[in-house]
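Worksheet: the structure to be examined is printed underneath.
Chain naming here is simple, since letters A, B, ... match the order of the sequence lines and numbering starts at 1 in each.
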2 protein chains.
Amino acid sequence: MLWIGLFLMARTEDPSGRQRILAVAAELFYVRGVRAVGMAEVIQAAGCGKNMLYRHFPGKSALVAAYLGRAREEREAATSAALTGEPREQLVALVTEVAYRVRGSAYRGCAFRKYLAEFPSPGDDDEATAVARAYLRDTRAQVSELVAAAGGPPQLGDRLWLLIDSLYSGTGPDPSVAVEWARELVAAGRPD
Amino acid sequence: MLWIGLFLMARTEDPSGRQRILAVAAELFYVRGVRAVGMAEVIQAAGCGKNMLYRHFPGKSALVAAYLGRAREEREAATSAALTGEPREQLVALVTEVAYRVRGSAYRGCAFRKYLAEFPSPGDDDEATAVARAYLRDTRAQVSELVAAAGGPPQLGDRLWLLIDSLYSGTGPDPSVAVEWARELVAAGRPD
DNA sequence: AAAATTACGGACCGATCGGTCCGATCGTGG
DNA sequence: CCACGATCGGACCGATCGGTCCGTAATTTT
């Protein structure tokens, strides 16, 4: 009975353990900034004891790295869900999905870009910085590969990445401007 | 003799006073982040005593606000220097100037966007936040006005602002992509 | 019911923060 | 040569940080 319970918790929600702490910490880090949120505040918001948190995460840097890793998983899930249809449609869908997310009321900027802005000179062993940089690099590579699959010129990838980058920045114009522009761009690149 | 000296210092450089402290602090805040730089480090880098700094700036928040105000002045000077010729040329020159700055080896991202990312939930009386927001708002308005003066549609302003925004983000493609795109955009909007 | 495992949360530690105050020092004017 | 003013920089303060340890209470296993 105990083992079945542990098994189910591990497979499903783990509502009072690691996942719960991570969800609470992620929200705080994202909204208020990583440096501005102390461990004590995470503990209080999670409603757990100090032992609980420090057993799952050896320190704040590990918690922050897990926060960005979680953000990456969420982004990848949303992105892959939007990528159906032929490559050209996928390119537009990619921009549209980002625009949709940016319009959401909970959007406070790109978590990875914000982290890199907050820690521009990290130690060489900063795992969170590695996660953030890898995400940006991989996402951009994904666009390039998609453009190559669609038979478009590399320049198309550059310009689409520029549009996505502007969307994420949070200070750009209305997201629909980027979406409409991406549509024109992909349509113009069509050889037929 | 004493008065002449004071007069010259006030008119020219003030090498051991406010301007020097501000220059040192600005470099530190910009490269390493505002929160990551303590007042003690600013004082040591400026080579002055604590009294010196706290006489010119009542506290860190005032120093940060002055840092962003200084950054704004520098940006406005560089921008206005680039704005010669007819409105359409000015639009391209605006993007080109930003691209030039972004390519510089000392570029570490837009100071205003970085500050807003570092302090997403400031107090209502945070002067630095007000400076940063005002800069972004005014710069965007400047683009819109320039487009209007050039007789272009508002959409042109949106798209040019998008390009500029992407340039500043620091994670976009090569700056030349935005410059070339801006050239095409302005040329295509030409009625003749 | 007794025992053992778990978790909450306060006490505590050293380090660092922004900021104040004051003694020591140096250059200048009388 | 002395006295004055300005400046450097260390001592110090309260607050907060990340992190450790442990007393106590609750829950579960036997």
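- Residues B:L83 and B:L146 meet the side-chain proximity criterion, which asks for heavy atoms closer than 4.5 Å.
- Within 6.0 Å of CD on B:E180 lie more than 12 heavy atoms contributed by other residues, nucleotides or ligands.
- Shown here is B:E184, whose CD atom has more than 12 heavy atoms of other residues, nucleotides or ligands within 6.0 Å.
- If you check D:dT20, C:dG9, D:dC8 against the side chain of B:C48, the one that comes closest is D:dC8.
- The nearest whole Å value for the distance from the CG atom in A:L53 to the C1' atom in C:dG9 is 13 Å.
- Atom CD1 of A:I43 and atom P of C:dG10 are 11 Å apart (whole Å).
- For the pair B:N51 CG and C:dC22 C1', the interatomic distance rounds to 9 Å; values are reported in whole Å.
- Rounded to whole Å, atom P of D:dA6 lies 12 Å from atom NE2 of B:H56.
- The backbone N or O of A:A46 sits less than 3.5 Å from a side-chain atom of A:R20, completing a donor-acceptor pair.
- Between A:K50 and C:dG9 there is no side-chain N or O to OP1 or OP2 distance below 4.0 Å.
- Between B:R55 and D:dA6 there is no side-chain polar atom (N or O) within less than 4.0 angstrom of OP1 or OP2.
- Taking atom CD1 on A:I21 and atom C1' on C:dC8, their separation rounds to 12 Å, with Å as the unit.
- No side-chain heavy atom of A:T171 sits less than 4.5 Å from a side-chain heavy atom of B:F112.
- Rounded to a whole Å, the CZ atom of A:F57 is 18 Å from the C1' atom of D:dT20.
- Near DNA chain D, meaning a heavy atom under 4.0 Å from it, residues 28-39 of chain A has A:V37, A:G38, A:M39 in order of number.
- Classified by interplanar angle (parallel below 30°, tilted 30° to 60°, perpendicular above 60°), the ring pair B:Y67/B:F29 is tilted.
- Between the CE atom of A:M52 and the P atom of D:dT20 there is a distance of 16 Å, rounded to whole Å.
- Taking the side chain of B:Y54 as heavy atoms from C-beta on, and the options D:dG19, D:dT7, C:dG18, the nearest nucleotide is C:dG18.
- In A:Q44, the CD atom is not crowded: 12 or fewer heavy atoms of neighbouring residues, nucleotides or ligands sit closer than 6.0 Å.
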